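Report on one structure; see the data block that follows.
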Amino acid sequence: QVHLAESGGGLVQAGDSLSVSCVASGLTVSRYIMGWFRQAPGKEREFVAAIRRSSGIAYIGDSVLGRFTISRDNVKNTVSLQMNSLKPEDTAVYYCAADDGVVLSRNPSVYDYWGQGTQVTVSS
């Protein structure tokens, strides 16, 4: 059974940094496309970042490009999202997701497995 567990969310001030992590069980993160999405109240789920299987090539969403990075630890079977220079508009629930497909997609409907999410709140 696949389980993705996010952690590391919290309340920070604008300009701060925060890292959220996703521990996977029941799947090997290096064999899946692993992604991070976020959803703010009243808004659609938004692509944040993803990392390709095997190669580990990362893709970052336009709204966070230059501020967020995604990384993968194959030994710990985790995927992390480092968030720098946080803004109030980054406030959302952040979700980890896994896709068994071949082509990396920014469409959340493509992803097969999801975590429960972790809240990130950025105050101004």
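Values in this document were obtained by computation on a predicted structure and should not be read as measured data.
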Measure across [X] and [Y] and return the closest heavy-atom pair with its distance rounded to 0.1 Å.
| X | Y | result |
| --- | --- | --- |
| V20 | G9 | CG1-N, 3.8 Å |
| I60 | T69 | CD1-CA, 4.3 Å |
| D90 | V122 | CB-CG2, 4.3 Å |

Whether W114 and Y95 hold their rings parallel, tilted or perpendicular, with breakpoints at 30° and 60°: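 Perpendicular: the ring planes of W114 and Y95 meet at over 60°.
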
Using 30° and 60° as the class boundaries, would you call the ring planes of Y113 and Y32 parallel, tilted or perpendicular?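 Plane angle over 60°, so perpendicular.
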
Rounded distance (nearest 0.5 Å) linking atom CD of Q116 with atom OG of S7: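 Result: 13.5 Å between the selected atoms.
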
Report the distance from atom OG1 of T78 to atom CD of E6, rounding to the nearest 0.5 Å.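 The CD atom of E6 is 12.5 Å from OG1 of T78, to the nearest 0.5 Å.
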
Would you please indicate yes or no on a ring centroid separation below 6.0 angstrom for Y59 and F47?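 So the answer is no for these two rings.
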
Looking only at atom types and distance, does a side-chain atom of R72 sit under 3.5 Å from a main-chain N or O of N77, one as donor and one as acceptor?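 Absent.
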
I would like to know whether C96 and M34 meet side-chain contact (heavy atoms from CB on, under 4.5 Å); could you show each step before the answer? CA-CA 7 Å; C96 174; M34 299 299 298; 3.9 Å; yes

Got a salt bridge between R53 and D100, using NZ or NE/NH1/NH2 to carboxylate O under 4.0 Å?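 Between D100 and R53 there is a salt bridge, with a charged N closer than 4.0 Å to a carboxylate O.
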
Is there a path from Y111 to V93 through hydrophobic residues (I, L, V, M, F, W, Y) whose side chains come within less than 4.5 Å of each other?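 Result: yes, single cluster for both.
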
